[in-house]
Amino acid sequence: MTELIGKNGTWTFDGAVLRVVPGHEKDVARLRSALGEIAVPLEALAGIAFEAGKKTKNGAGRIRLRLRAGADPLLQACGGRLADEADPYQLEVPAERGGVAEYFADEVRDALSVAQIPAEPADRYLITPPPVPISANGQDGTGSFDGETVRLEWGWLADGKKRTAGNRAWPLAALEAVEWRPAVGMDWGWIRFRVRGDAGIVSANPRLDPNCLALWGTKKESGNSAVLAAAIVGRMAHPNATPEAPATVAAAAPDHDALLRRLRELGELRRDGVLTDEEFAMAKQAVLRQM
């Protein structure tokens, strides 16, 4: 077992699975905390690189995983729009641990070389999507997914056009695509749901499109919404699926120790004010159902 402790989390590698565990400090990106522990099987990896501390603060370096295209529902949903500090597949490494990071990267490279992982895009999700039920708040409402149905419920800040259209609900099979954009600077973000049979986007403005949850500027909002998008995308038909391959990722056998660690993490996040009581209760139930 090889372990690397960084500033925003810990990575371990046993030769077959690389585990990404987020840190618990308050400055760790919301998205990392909301995702919890991620198990990355070797077959999902395309490469790994360590960059010595030239581009980061305090001389720290950065180690990065490169995943095969189509292997991870989070990256599929986010489409390369994750900021470095939110990307769970990057780890900031203190300067004094640079040698350990180099060794860790070599261990993963050696395993990839022996396994001869194919370079082409995956035809199914190799990383398990976030558990359900799950919800996320936006600027003008709340999105939720229970594993079968996606719902949008409008709040008091929703535009009149959205309130006139009413709350939205679609079975998973009705969705053609899910698009996520973070709120950056003065630009709005969104989760937009493309529904089969719709002629097109009702409005390019996320505040006016009733098939779109608008996002505005908070780390909490962007983090939770990306996890919601990943949970939905990971249960939709894979874009590269073939008749010989399963359309979605197979359910992985639950790791009891990882689930217990996740329960402790959720308790700490609620205690620190990162999770509301409602968000904690929903996330806790999702973990307990896996146990």
Side-chain angles (χ1 to χ4, degrees), residues 22 29-38 72-83 86-88 125 127-155 157-158 162 167-184 188-195 206-207 209-238 248-249 262 265-266 269-270 274-287 289-290:
R30 169 71 184 202
L31 176 54
R32 293 178 186 259
S33 298
L35 282 169
E37 182 175 321
I38 304 172
D72 178 34
L74 173 70
L75 298 187
Q76 187 76 24
C78 295
R81 291 176 288 271
L82 287 177
D87 186 346
Y125 292 120
I127 296 175
T128 304
V132 294
I134 184 173
S135 67
N137 293 324
Q139 179 71 11
D140 52 8
T142 299
S144 64
F145 178 52
D146 62 8
E148 297 180 356
T149 304
V150 176
R151 291 182 170 84
L152 294 180
E153 298 181 4
W154 306 123
L157 288 175
K162 289 188 174 183
N167 294 336
R168 316 293 273 171
W170 306 282
L172 188 62
L175 297 181
E176 193 171 73
V178 178
E179 300 174 355
W180 178 85
R181 300 286 191 284
V184 179
W188 288 80
W190 64 80
I191 306 180
R192 176 169 278 130
F193 299 96
R194 305 271 189 170
V195 183
R207 291 173 291 173
D209 184 353
N211 292 355
C212 189
L213 182 67
L215 309 174
W216 178 254
T218 70
K219 292 182 179 179
K220 179 177 180 180
E221 195 175 273
S222 295
N224 278 3
S225 63
V227 179
L228 172 63
I232 298 169
V233 166
R235 291 167 175 84
M236 296 172 64
H238 194 285
T248 56
V249 64
R262 182 57 175 160
E265 289 172 3
L266 292 172
L269 291 172
R270 181 178 65 168
V274 177
L275 289 179
T276 65
D277 288 344
E278 181 181 355
E279 290 171 335
F280 169 77
M282 181 170 286
K284 178 181 176 181
Q285 285 302 314
V287 174
R289 286 172 61 178
Q290 295 180 74

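- Nearest approach of A86 to A29, heavy atoms of both residues: CA-CB, 3.7 Å.
- A donor-acceptor pair under 3.5 Å is absent between the side-chain atoms of N211 and the main chain of R194, judged by distance alone.
- Residues A226 and L74 approach most closely at O-CD1, 3.9 Å, considering heavy atoms.
- Partner of W180 under the side chain to side chain contact (heavy atoms under 4.5 Å, CB included) criterion, out of V227, L213, L82: L82 alone.
- Between the D72 side chain and the I127 main chain, no donor and acceptor come within less than 3.5 Å of each other.
- Distance CZ/R181 to CZ/R192: 8.0 Å, rounded to 0.5 Å.
- Annotation: the span from W170 atom CH2 to R151 atom CZ amounts to 11.5 Å, rounded to 0.5 Å.
- Between P206 and W188, the shortest heavy-atom contact is CG-CB, 3.9 Å.
- W190 contributes atom CH2, which lies 10.0 Å from atom CG of D209 (distance to the nearest 0.5 angstrom).
- Atom OG1 of T149 and atom CZ of R168 lie 14.5 Å apart (nearest 0.5 Å).
- One finds the CD atom of Q139 at 12.0 Å from the OG atom of S225 (value rounded to the nearest 0.5 Å).
- In terms of heavy atoms, L152 sits closest to P210 at CD1-O, 3.9 Å.
- How far CD of E179 is from SG of C212: 8.5 Å, rounded to the nearest 0.5 Å.
- A donor and an acceptor atom, one from each side chain of N224 and R30, are located under 3.5 Å apart.
- Contact annotation: the side chain of R81 never approaches that of V184 to less than 4.5 Å [non-hydrogen atoms, C-beta and beyond].
- Smallest separation of non-hydrogen atoms from F145 and L228: CB-CD1, 3.9 Å.
- Counting only heavy atoms from C-beta outward, the side chains of V132 and R235 approach each other to under 4.5 Å.
- No side-chain heavy atom of L215 sits under 4.5 Å from any side-chain heavy atom of P182.
- In plain terms, the two heavy atoms of P88 and R32 that are nearest each other are CA-NH1, 3.8 Å.
- For the pair R207 (side chain) and A158 (backbone), a donor-acceptor distance under 3.5 Å is absent.
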